[in-house]
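See below for the structure under consideration.
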Amino acid sequence: MLYKEVIRINNEINLKDSLFSGQSFLWIIDTDRPEYYVSVIGRSPVVLRQISDNTLEIQSTSNTVRNRLLPDFISNYLSLDIDHKYIFSEHFPPLYQELWKILGDYLSLRILRQDPFETMISFMCAQGIGMHLIRKQVSMIQQCYGEKTFITLAGKEIPLHIFPTPERLAAVDPLAFSICTNNNRIRASNIVLAAQGVAEGRINFDHPGMRELPLSELRNTLCQNRGIGFKIADCIALFGLGRFDAFPIDTHVKQYLEKWFNSTTALRSLTPASYLALDAEARTFLNPDFAGYAGHILFHCWRKEVKKLRSF
DNA sequence: CCCCAGGCTTTTC
DNA sequence: GAAAAGCATGGG
């Protein structure tokens, strides 16, 4: 049965940039109806469309999530509970006036609260390669190992794949799986090991405290797994565990820290030591509780406005 | 041909 | 300790 509703929100949102800024790699656009964005959240196929700055149309044909709860479900996913005024402190705009003007168009970017397992695997695919290759890997994992389902949109059935469960990925042959990891066998093996960790309960994202641990402890815990370093650990925390204080530092973040914030630390090569130094530095001009939320807005703005990247 | 992409691990000084 | 090489592929 089709369920459709319009939800109104307090803040503005840029839905497309929020979904396609590279925090989730799983949203697709139906070429016949490019204004509709389709994906599976949890195990529920969902369709979203932006109606105005602060209204969205949401659709679902699934009863996995009780449909009457869908608005709350979507609100949580899009972090609509987070007010814009928390993200940057009041001291920020006067200190960085030029940057603040450019950032204006990007403040409506929302961070998604995604599934932690999906987030972990997606960002393990993101080592030293371009965004399109990352997206290719994640969608191949979905299509090769994910359960197939459908969403009905305007009478047309669109096929979709649910992201595979930890148990499914735990059971695959790493060598065969490497066709999904850009032929990188080490990465394939690391992902299978991580999936086994989740399937066997050694990695437990539902563990009480996982979302309250001090950031350094959480990061060190996640880094126990092969293929996960500081950056990927922080991405899992930020996008998968709703830890908006986690501040992942990659090549782009390093670049904008130098150019926009005159960080001399950012001139050094990115090592564990300089990573921690940059992390501490960023918290002096970003609100520490929302450093990663702000960081993702800066990241997306940097890539689009300065690097002129079209595909993201 | 080069260098760079949402890095991490191993080896070498 | 810090630096360098290896991993893999596509695009500028």
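Note on naming: letters A, B, ... go to the chains in the order of the sequence lines (proteins, then strands), and numbering restarts at 1 for each one.
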Original post:
Between A:K231 and A:Q127, is any side-chain donor less than 3.5 angstrom from a side-chain acceptor?
Top reply: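 Not at all, the side chains of A:K231 and A:Q127 share no donor-acceptor pair under 3.5 Å.
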**OP:** Verify the distance criterion only: is there a donor paired with an acceptor across the side chains of A:T181 and A:S178 at less than 3.5 Å?
**Re:**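 Absent: no donor and acceptor within the cut-off.
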**OP:** Assign each of A:I186 and A:F299 to its nearest nucleotide of DNA chain B by heavy atoms, then name whichever residue's nucleotide is nearer the 5' end.
**Re:**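 Final value for this comparison: A:F299.
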Mind checking the [atom1] distance from [N] to [M]? Whole angstroms is fine.
| N | M | atom1 | answer |
| --- | --- | --- | --- |
| B:dG6 | C:dG12 | P | 13 Å |
| B:dC4 | C:dA5 | P | 14 Å |
| C:dG6 | B:dC3 | P | 14 Å |
| C:dG10 | B:dT9 | C1' | 23 Å |

Original post:
Are the charged groups of A:R283 and A:D245 less than 4.0 angstrom apart, N to O?
Top reply: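 No.
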**OP:** Flag the pair A:D17 and A:R110 as a salt bridge only when some basic side-chain nitrogen lies within less than 4.0 angstrom of an acidic carboxylate oxygen.
**Re:**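 Looking at A:R110 together with A:D17, the answer is no, because their closest N to O distance does not fall below 4.0 Å.
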Touch class at under 4.0 angstrom, heavy-atom based, for [X] against every strand present:
| X | value |
| --- | --- |
| A:K308 | nothing |
| A:I232 | sugar-phosphate |
| A:Q255 | sugar-phosphate |
| A:R187 | nothing |

Original post:
Tell me, do A:I58 and A:F73 make a side-chain contact under 4.5 Å, heavy atoms counted?
Top reply: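 With C-beta onward as the side chain, the pair stays apart.
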Original post:
Looking at side-chain heavy atoms only, is the closest gap between A:L107 and A:I87 below 4.5 Å?
Top reply: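 No - every pair of side-chain heavy atoms lies 4.5 Å or more apart.
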Show me the protein contacts with nucleotides 9-12 of chain C, counting only N or O atoms at under 3.5 Å.
{"residue": "C:dT9", "atom": "OP1", "partner": "A:N183", "partner atom": "ND2", "Å": "2.6"}
{"residue": "C:dT9", "atom": "O4'", "partner": "A:N182", "partner atom": "ND2", "Å": "3.1"}

Original post:
Are A:K254 and B:dG6 close enough that a side-chain N or O sits under 4.0 Å from OP1 or OP2?
Top reply: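 For A:K254, the contact criterion (side-chain N or O under 4.0 Å from OP1 or OP2 of B:dG6) is not met.
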Original post:
Are OP1 or OP2 of B:dG6 and a side-chain N or O of A:T251 less than 4.0 angstrom apart?
Top reply: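 Negative; the distance criterion is not met.
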Original post:
Should the pair A:R219 and A:F230 be classed as cation-pi, given the thresholds of under 6.0 Å to the six-membered ring centre and 45° from the axis?
Top reply: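 Yes, A:R219 and A:F230 form such a contact.
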Can you measure [X] atom [atom1] to [N] atom [atom2] for me and round it to whole angstrom units?
| X | N | atom1 | atom2 | value |
| --- | --- | --- | --- | --- |
| A:Q127 | C:dG6 | CD | P | 18 Å |
| A:I236 | B:dG7 | CD1 | P | 14 Å |
| A:I121 | B:dG6 | CD1 | C1' | 16 Å |
| A:D250 | B:dC4 | CG | C1' | 13 Å |
| A:H300 | B:dG6 | NE2 | P | 13 Å |
| A:Q114 | B:dG6 | CD | C1' | 13 Å |
| A:M124 | C:dC7 | CE | P | 19 Å |
| A:R303 | B:dA5 | CZ | P | 10 Å |

**OP:** State which of B:dG7, C:dA2, B:dG6 makes the closest approach to the side chain of A:A273.
**Re:**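 Selected nucleotide (nearest to the side chain): C:dA2.
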Subject >> side-chain contact (heavy atoms from CB on, under 4.5 Å) between A:E57 and A:I7, intermediate numbers included >> reply: CA-CA 6 Å; A:E57 180 189 85; A:I7 57 173; over 6 Å; no
Original post:
Does CD belonging to A:E90 count more than 12 external heavy atoms closer than 6.0 Å?
Top reply: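 Counting neighbours around CD of A:E90, 12 or fewer heavy atoms of other residues, nucleotides or ligands fall under 6.0 Å, so no.
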**OP:** Please write out which residues are connected to A:V40 in a hydrophobic cluster, directly or through intermediates, given that two of Ile, Leu, Val, Met, Phe, Trp, Tyr count as joined at side-chain heavy-atom separations below 4.5 angstrom.
**Re:**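 The other cluster members (ILVMFWY side chains, heavy atoms under 4.5 Å, direct or chained) are A:I28, A:Y36, A:V38, A:V47, A:I151, A:L153, A:I158, A:L160, A:I162.
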Between protein and nucleotides 10-13 of chain B, what N or O pairs are separated by less than 3.5 Å?
{"residue": "B:dT10", "atom": "OP1", "partner": "A:R226", "partner atom": "NH2", "Å": "2.9"}

